**Q** 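Got a structure for you, questions after.
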Amino acid sequence: MLRERYRSARVSWQLWVGPDRLPRRVRLVTADPSAGEGVPRSSVTEIDFTDWGNDVPVEPPPQDQVHESGSCLAPEPH
């Protein structure tokens with residue numbers, strides 16, 4: 001959404017890597033320059049990666065919840 005409104009988005013990120021050179025955590029901070037008074041001006045996303053080398057079940061979502069685009073810049077469906 002930010003990219004659609006401003007043609008760019010500012011995201012700062014940090015990546016933690018373990019001694020095995022595998023990612024352990026990523027932290028993204030996305031700024032929202034249009035945030036009004038009393039509204040957060042940024043959002044923080046942290047993702048931890050664990051259990052490397054273990055089997056994990058991955059189930060695809062139902063087809064009605066899937067959106068495929070030809071480009072990572074394509075807008076999300078409404």
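We count residues from 1, following the sequence as given. If you're wondering where the values come from, they're calculated on a predicted model, not measured in any experiment.
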**Q** Considering only heavy atoms from C-beta outward, does the side chain of F49 approach that of V26 to under 4.5 Å?
**A** yes
**Q** Going hydrophobic residue to hydrophobic residue with side-chain gaps under 4.5 angstrom, can you get from W16 over to V11?
**A**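 No, separate clusters.
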**Q** Between atom CZ of R27 and atom CD1 of I47, what is the distance when rounded to the nearest 0.5 Å?
**A** 12.5 Å
**Q** Mind checking what makes salt bridge (Lys or Arg N to Asp or Glu O under 4.0 Å) contact with R24, not counting sequence neighbours?
**A**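 Per chain and number, R24 pairs via salt bridge (Lys or Arg N to Asp or Glu O under 4.0 Å) with D20.
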**Q** Please list all pairs meeting salt bridge (charged side-chain N to carboxylate O under 4.0 Å, His left out) that have one or both residues in residues 51-67, counting only residues at least two apart or in different chains.
**A** none
**Q** Do L15 and P23 come close enough that some side-chain heavy atom pair is under 4.5 Å?
**A**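 When only atoms from C-beta onward are counted, P23 and L15 do touch, with a gap below 4.5 Å.
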**Q** Check which hydrophobic residues are tied to V44 through side-chain heavy-atom contacts below 4.5 Å, counting indirect links as well, and list them.
**A**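 V29, all in the cluster of V44.
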**Q** For W13, does the CH2 atom have more than 12 heavy-atom neighbours from other residues, nucleotides or ligands under 6.0 Å away?
**A**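 No, because the 6.0 Å sphere around CH2 of W13 holds 12 heavy atoms or fewer from other groups.
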